[in-house]
2 protein chains.
Amino acid sequence: MNLKQLSQMLGLSQTTVSRALNGYPEVNRETRERVLQAVRETGYRPNKAAQRLATGKAGSLGLVMPTAPGHPSDVHFGEFLTGLGEEALRHDFHFVITPADPNDEVGALRRLAISGNVDALFVAYMRGHDPRLDMLKSLSIPFVVHGRSIGSEPDYPYLDIDNEAAFYDATKLLLQLGHRRFAVMNGPEHLDFAIRRKMGVSAALAERGLTLDEACVTHTAMTDEQGLFAMERFLQLPERPTAILCSSTVLALGAIRIINQAGLKLGEDISLIAHDDVLPLLKPENFSVPLTTTRSPLRAAGVRIAERLIGQIKDLGSYPEQELWKAELIVRASTGAAPAG
Amino acid sequence: MNLKQLSQMLGLSQTTVSRALNGYPEVNRETRERVLQAVRETGYRPNKAAQRLATGKAGSLGLVMPTAPGHPSDVHFGEFLTGLGEEALRHDFHFVITPADPNDEVGALRRLAISGNVDALFVAYMRGHDPRLDMLKSLSIPFVVHGRSIGSEPDYPYLDIDNEAAFYDATKLLLQLGHRRFAVMNGPEHLDFAIRRKMGVSAALAERGLTLDEACVTHTAMTDEQGLFAMERFLQLPERPTAILCSSTVLALGAIRIINQAGLKLGEDISLIAHDDVLPLLKPENFSVPLTTTRSPLRAAGVRIAERLIGQIKDLGSYPEQELWKAELIVRASTGAAPAG
DNA sequence: AACGTCTTCCAAAGCGCTTTAAAATATGTA
DNA sequence: TACATATTTTAAAGCGCTTTGGAAGACGTT
């Protein structure tokens, strides 16, 4: 069933039917009712491709998903997408997701942008001086970045959390509790959030004349296994750290396992603060020792980014181009006074 | 830059350029080279909407993602999609994901199917007698189901793991270890995999004249928190179960926390077997007591489903319509002989 | 020279929609 | 009644691609 058939059935022109469907004013009330009724009866749905070709609007947001055999999937992806979807649903938008070779994300993004398949793009996992930014700026398609790219002019639209402040505050808290030996279990080295979190830690330490030893920093994928490896390494250090900052609750999970195995008490022998993206899967308050966290719901970021993207496409008023959200520092039992000595 | 401009630039007709691009034989070698070169220089990419309209092929797989405020995201989604993507990438396919009100998945799926936006559909999280099946069968778009729908004629294309056999085998192992009091921490009640897993447990028990007490079964979302609640409940039972079958390693995570808190030893006082979808996030072999699991990589299922879907679209030969994969039973330390008494 | 056969290219139609420009009809006013 | 003005409808063009049905030219054969 297409427009032509539908309009013939109704004895109307395609124009009129199209207008009735799209809410144009210049169509008689009765006629519109008749059209709508016919649509209900036939289950007619306009062909999206044709609509897109005619209007240039696709009703879709595009994103690139890196994938390859052995390339680990991202725990956060589902939760973030659910947030995007919450808002997209309200506007009848959908997503076009292009799988991409992890080494060719820029190319994949570019092809997606000029394919005419999407109205706007979303990118995340920004690196320092991210090459995708120049590409995106050169195109004339709306986009919003989740995160930022250190080393690039901050003249692009983004939504980020203040990673540096979050980890600065967290470190500050640990310093006040008397800790002096710090370690950081961070995300992949080249990623902006990892860079800024480390900066936050270093800045807080510097205020007390302390420096962060590189031996006390790991950069890994955020899985329980990596948390486990990192913690094993920290515990073997001659000057064992008493305060751990952790870029994810999943990493913390592995770390805590090792802490327990070593017979150490979390919140007494070792304090730990993790960043919490508020994944439904893992609640820091339910850890056997509830976790002190820097909290910022990933899903809310998804909702907001969809809102901005769709708002821009539909011209629903203007939004701030740059947003920096504060993370909440939530103190629970995994942080305590530094052990004596 | 579109076809028209490109062909004018080259002094060729659109037909010839189109054919050169799509690998048709009736175009001179030199001419083709010239076209390809121009494409490289200009960065021309055909408009997907136009291509789709002209060919009826979209180069995309469609899926529906339920989402609503408060509706938890799915941990497995990212991993499965990564698998789909692995294969899709090889064929230059992308995904169209429609967010949907959890109460209107059937409608959303139907709209997606007839939007002309996708060449094939994928559905998962099948329920008993799933209403999506009839809808899909009535349409003439290829689809593959991940899982099955108990209570429906098994005449639709699916890929499932043998959940019943997996949990039957797991139960059998525990029986051999002398366990007599069983509990099951399962996924949501209406889902096919949950139903079948419970059937597997019951069947094995029945062979020994045992029955599964409903008080020893929970049906919940698969988060650590729910695992925790469920285990708390089991421990309060007058006849405490000594053997737990668990539909997910994430649930197991919460359960084990409670087991530890209660001062019980996993693999001694209580044995536990969990189903492992092989998520990068959580490795059962790294649990402080390594977990015995029924193992079946979710990602592999994703790859295979994409393979079948794309194969069907591109007519790359035939695939079995129904596939039932065996899960591996991997014995680790979380299972041991039943405690005396 | 005339013919058939390949090879290589092209004009134009068509995919299903939106939208422009104009026509047909209804309504109001002098 | 005649005309101007709103209201409602339509024919046709166009979005950017693929594909059908030829046409033009090169080549070999008789």
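Computation of the quantities below employed the complete heavy-atom set of this structure, encompassing side-chain atoms and omitting hydrogens, waters and symmetry-equivalent molecules. Each chain gets a letter, A, B and so on, in the order its sequence line appears, and its residues count up from 1.
- Across the protein-nucleic acid pair, B:R32 atom CZ and C:dT7 atom C1' stand 13 Å apart, rounded to whole Å.
- Of the options B:F80, B:F95, B:F143, a ring pair (Phe, Tyr, Trp, His ring centres under 6.0 Å) to B:F122 is made by B:F80 and by none of the others.
- Listed by chain and residue number, B:D155 satisfy the salt bridge (Lys or Arg N to Asp or Glu O under 4.0 Å) test with B:K137 (two or more places apart in sequence, or in another chain).
- Terminal axes of the helix from C:dA1-D:dT30 to C:dA30-D:dT1 (five pairs each, C1' rotation axis) are separated by 60°, to the nearest 10°.
- No hydrogens or angles considered: nothing links the side chains of B:D130 and B:Y125 as a donor-acceptor pair under 3.5 Å.
- Within residues 21-28 of chain A, the residues that have a heavy atom under 4.0 Å from DNA chain D are, in order of number, A:E26, A:V27, A:N28.
- At C:dA11, none of the side-chain N or O atoms of B:T15 fall inside 4.0 Å of OP1 or OP2 (strictly under the cut-off).
- In summary, A:D104 and A:R110 do not engage in a salt bridge, as defined by a charged side-chain N under 4.0 Å from a carboxylate O.
- Across the protein-nucleic acid pair, A:Q8 atom CD and D:dA11 atom C1' stand 14 Å apart, rounded to whole Å.
- A sub-4.0 Å separation between OP1 or OP2 of D:dT9 and a side-chain N or O of A:T16 is absent.
- Between the P atom of D:dA11 and the CG atom of A:L12 lies a distance of 11 Å, rounded to the nearest Å.
- Neither side chain, B:N47 nor B:R52, offers a donor N or O lying under 3.5 Å from an acceptor on the other.
- Between the C1' atom of D:dG14 and the CG atom of B:N2 lies a distance of 12 Å, rounded to the nearest Å.
- Dashed line: the shortest gap from a side-chain N or O of B:S18 to OP1 or OP2 of D:dT18 is under 4.0 Å.
- From A:I305, atom CD1 reaches atom OH of A:Y158 across 12.5 Å, with rounding to the nearest 0.5 Å.
- Judged by distance alone, with hydrogens and angles left aside, A:R19 brings a side-chain donor or acceptor within reach of the base of D:dT10, the pair sitting under 3.5 Å.
- For the 3.5 Å distance criterion, the side chains of A:R34 and A:Q37 fail to qualify, holding no donor opposite an acceptor.
- Atom-to-atom, CZ of A:R34 to C1' of D:dT8 comes out at 13 Å; the value is rounded to the nearest Å.
- We find that B:D160 and B:R148 are joined by a salt bridge, their nearest charged nitrogen and carboxylate oxygen being less than 4.0 Å apart.
- To the nearest angstrom, P of C:dC9 lies 16 Å from CD of B:Q14.
- The distance between atom NZ of B:K4 and atom P of D:dT18, rounded to the nearest whole Å, is 16 Å.
- A distance of 9.0 Å separates CE of A:M65 from CD of B:E86, quoted to the nearest 0.5 Å.
- In this structure, CD in A:Q8 is found 10.5 Å from CG in A:L3, a value given to the nearest 0.5 Å.
- A:S13 and A:T16 are linked by a side-chain donor-acceptor pair at a separation below 3.5 angstrom, with hydrogens and angles left out of the test.
- Less than 4.0 Å separates DNA chain D from no heavy atom of any residue of residues 107-120 of chain A.
- The CG atom of A:L309 sits 11.0 Å away from the CZ atom of A:R304 when rounded to the nearest 0.5 Å.
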Donor-acceptor contacts, no H, no angles, side chain residues 24-33 of chain A, under 3.5 Å, sequence neighbours left out:
unit_1	atom_1	unit_2	atom_2	d
A:N28	OD1	A:E30	N	3.2
A:R32	NE	A:A20	O	3.3
A:R32	NH2	A:Y24	O	2.3

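- For the atom pair CD of B:E321 and CD of B:Q312, the computed distance is 6.0 Å after rounding to the nearest 0.5 Å.
- Nucleotide C:dC9 holds its P atom 13 Å from the CZ atom of B:R29, rounded to whole Å.
- Using a 4.0 Å cutoff on non-hydrogen atoms, the parts of residues 44-58 of chain A near DNA chain D are A:L53, A:A54, ordered by number.
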